[in-house]
Amino acid sequence: MLEQADTDTPEATRTGRPHQVLVVVRGGTASPALGAYALGVAERLGLGVLAAYVDTLPRYGDRLSRRERFAAGVAGDAARFGDKARQRGIAFEHVTASGKASEAVLAIVHGGRRIDFVVCDPAIGIDAVARRCPVPVFGLDVAGGTGGRGRRMTQQRNPGRLTMSERTRKRNVARTIVFGAAAVALYAAVFTHSELITNLSAKGGLYAVVPVVTVFLFSYVHGSFTGAFWSALGIEASKSAGASKTATAAATKRKDTRATAQINA
Amino acid sequence: MHGAGEMISFIDLNLYSIVFLFLVGFIGGLVSGFIGSGGAFVLTPGMMSLGVPGPVAVASNMCHKFPKALVGSIKRYRYGQVDIKLGVIMGLFAEIGVQVGIQVQTMILEKWGEAGSNLYVSLAFVTVLLTVGSFVMRDALRLAKDGGAEGKPNNLCKRLQAIELWPMLTFKRANVRISLWFLIPVAIATGMLAATIAVGGFIGVPGLMYIIGVTSIVASATELVIAFVMGLGGTLIWAYYGMVDIRLTLIILGGSLFGVQLGAIGTTYVKEYMIKMVMAVIMLIVAVSRFLAMPKYLDKLSLTSFGETTVSVLSQTSFGVMLVALLVGAGIILAAMFKARRLETQA
């Protein structure tokens with residue numbers, strides 16, 4: 001179910017079919033962070049913005065009033081979104097859809113438009129969209145406040161480029177400093193009292209636990225330090241490793257099967 | 001009185017020995033984090049060359065090995081590479097293998113003396129490493145030629161997995177269902193080798209890959225759990241006799257924890273056959289090293305007469321070659337990892 005309602009289509013874009021960023025919004029209101037991010041990227045890359053408002057539960061509750069509220073929300077929000085885009089000189093269109101977000105995205109991407117990539121609302125499960133979408137799909141890391149949507153946070157971890165934020169880096173530096181200081185303190189403590197500790201651990205018998213407990217303590221503190229140390233230097237596991245392998249690969253490496261390729265040929 | 005204080009004197013530490021142990025610890029840790037074991041075979045002779053008595057070197061080495069394996073296995077568990085159930089079961093049976101290995105050693109020591117025991121260790125080194133190492137190398141080269149995809153499991157593990165012999169065990173992460181009776185010999189052989197040459201992983205990892213049918217990533221990660229279980233048990237025994245020089249242990253640990261984290265990170269970048277390749281290269285070079293050490297013991301048993309100067313040159317070369325083995329392994333790991341990182345950031 002895809003209904004189109006162009007609000008602001010400059011002459012040039014109507015004929016040339018511009019390259020666009022598809023912003024998928026759940027419900028009738030785009031979060032400010034999502035809008036700001038999409039506009040920022042579109043401006044940087046010289047793309048247009050296509051906002052798709054998706055009513056993911058069209059059959060829920062009182063359908064008629066729900067539909068009306070959704071339509072009203074979309075009208076208001078799209079106008080605001082369009083205004084912001086116009087101020088920055090970005091072409092803006094919006095469409096509405098109902099049903100599953102992943103199907104709506106698929107329909108739009110295959111619908112003869114030139115969608116370069118998709119940005120998903122944090123409230124939409126990005127995995128389901130990325131699995132079927134032929135163009136890259138990005139989530140948005142919106143820590144610190146879009147109300148009740150925080151519970152979906154875990155689902156945006158996959159597209160590493162956006163979420164490997166400054167925050168993580170700072171956290172790693174802090175961990176390096178804290179555990180580094182603790183490790184230095186431990187080593188200093190042992191080597192200034194080396195006689196005592198060496199003799200205790202060489203006493204044998206029940207004192208056998210002394211060296212074992214000591215190395216456990218060191219392996220926790222020093223191990224945390226070395227782990228954070230490499231992370232702080234930016235040396236981390238491959239992003240395509242482990243569980244995220246499939247999702248990221250699907251999002252970035254899938255063959256481009258869009259209709260535009262045939263038009264250009 | 002269990003204390004070693006009166007019988008064995010611990011060495012004085014100087015800057016050279018600290019830096020040496022730290023660096024060898026780091027490189028050994030890097031290799032361990034990557035292939036699941038290694039590094040220990042250089043540390044024991046390395047410490048002895050600094051004047052540390054044999055048992056203290058073995059004990060201090062083992063005491064650094066299990067926390068290193070712990071840190072490495074936690075890291076690789078986060079990457080979803082560790083099968084804990086497999087590791088713990090293998091570790092417990094490997095513990096039995098260690099006891100058997102010690103009994104064999106004692107028996108040989110009583111019969112042929114210290115030189116005989118050393119010769120036995122060197123022979124075990126050369127035979128095991130040459131046969132297993134060349135087998136792993138052949139497999140790694142074949143995979144490298146095929147473009148690096150992990151080939152289909154070989155026939156042996158397929159056939160063993162098909163045999164329904166009670167009790168059957170299922171390992172989810174390793175994605176293997178096999179009878180306990182096939183795990184036990186691999187685990188015991190791992191333990192025996194660990195008791196003999198200090199690196200059980202040279203049997204443990206290939207055993208897991210070719211007999212049990214686990215991928216090389218999961219095998220090398222699970223070996224870290226086995227090493228932890230074995231190392232903890234061994235350390236408690238050595239510490240009971242007061243042989244652990246905690247200062248040496250902590251210096252090596254200082255370096256090896258840096259290495260083990262880096263090695264674990266490295267596994268997420270490289271193709272699976274790289275683990276086999278690094279393992280095979282190290283095994284084959286170490287085999288050469290131990291082969292060079294054999295004339296010393298043959299001379300002592302009066303089986304040959306190479307002369308003292310030849311023997312001392314050969315012994316030094318042997319130690320040098322072992323260091324080379326570690327350095328080459330570490331070099332391959334770092335080069336492969338940074339190449340893959342560069343490609344990933346460009347993509």
Side-chain angles (χ1 to χ4, degrees), chain A residues 160-161 164 179-180 183-184 186-231 233-245 248-249 252-253, chain B residues 1-5 8 10 13 29 56 59-60 63-72 74-76 78-81 232 235-251 253-262 264-270 337-338 340-341 344 347:
Chain A
R161 277 166 221 282
M164 171 59 204
F179 280 107
V184 168
L186 273 180
Y187 270 100
V190 167
F191 282 91
T192 47
H193 302 81
S194 69
E195 197 117 312
L196 173 73
I197 294 180
T198 313
N199 287 339
L200 266 186
S201 59
K203 238 176 173 169
L206 286 181
Y207 285 93
V209 294
V210 174
V212 173
V213 169
T214 314
V215 292
F216 265 121
L217 181 65
F218 272 77
S219 64
Y220 173 67
V221 174
H222 189 52
S224 304
F225 163 59
T226 54
F229 173 79
W230 293 120
S231 299
L233 286 184
I235 299 176
E236 287 192 279
S238 166
K239 294 208 182 69
S240 55
S244 62
K245 200 169 204 161
T248 322
T252 53
K253 285 181 187 160
Chain B
M1 186 70 207
H2 313 281
I8 289 173
F10 292 155
L13 287 168
V56 176
S60 309
C63 189
H64 112 276
K65 227 165 70 170
F66 81 88
K68 173 181 76 178
L70 177 69
V71 170
I74 289 175
K75 184 95 172 172
R76 295 188 64 172
R78 294 209 178 116
Y79 303 149
Q81 301 172 342
L232 182 59
T235 303
L236 282 171
I237 294 172
W238 282 114
Y240 184 80
Y241 294 108
M243 294 293 182
V244 176
D245 186 341
I246 193 79
R247 298 167 307 158
L248 297 179
T249 302
L250 290 180
I251 294 168
L253 199 60
S256 70
L257 291 189
F258 277 104
V260 80
Q261 300 264 15
L262 193 59
I265 293 171
T267 58
T268 66
Y269 282 96
V270 297
M337 178 176 157
F338 282 102
R341 266 176 64 86
E344 191 166 288

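Chain naming here is simple, since letters A, B, ... match the order of the sequence lines and numbering starts at 1 in each.
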Given the options [options], which has more heavy-atom pairs under 4.5 Å with chain A than any of the others?
options                          : answer
V71(B), I237(B), L262(B), I74(B) : L262(B)
L250(B), L236(B), V244(B)        : L250(B)
S256(B), A264(B), P67(B)         : P67(B)
L13(B), I246(B), L70(B)          : I246(B)

### Close side-chain approach of I251(B) and F191(A), heavy atoms under 4.5 Å
yes
### Message
For a quick test of reading the model, state the closest non-hydrogen atom pair linking Y240(B) to A208(A) and the distance between them.
### Response
N-CB, 3.6 Å
### Query
What is the minimum heavy-atom distance between T268(B) and A237(A), and which atoms define it?
OG1-CA, 3.4 Å
Between atom [atom1] of [X] and atom [atom2] of [Y], what is the distance when rounded to the nearest 0.5 Å?
X       : Y       : atom1 : atom2 : result
R341(B) : I235(A) : CZ    : CD1   : 5.5 Å
L257(B) : T226(A) : CG    : OG1   : 5.0 Å
K68(B)  : H222(A) : NZ    : NE2   : 12.5 Å

### Message
Does anything in residues 238-249 of chain B form a salt bridge (charged side-chain N to carboxylate O under 4.0 Å, His left out)? List the pairs, not counting sequence neighbours.
### Response
D245(B)-R247(B)
### Toward chain B, the part of Y207(A) with a non-hydrogen atom under 4.5 Å
neither
Between side-chain atoms of residues 212-220 of chain A and protein atoms elsewhere (two or more places apart, or another chain), which donor-acceptor pairs fall under 3.5 Å?
| from | atom 1 | to | atom 2 | distance (Å) |
| --- | --- | --- | --- | --- |
| T214(A) | OG1 | V210(A) | O | 2.4 |
| S219(A) | OG | V215(A) | O | 3.2 |
| S219(A) | OG | F216(A) | O | 2.8 |

### Message
So which residue, S224(A), A183(A), S201(A), ends up with the most heavy-atom pairs under 4.5 Å with chain B?
### Response
S201(A)
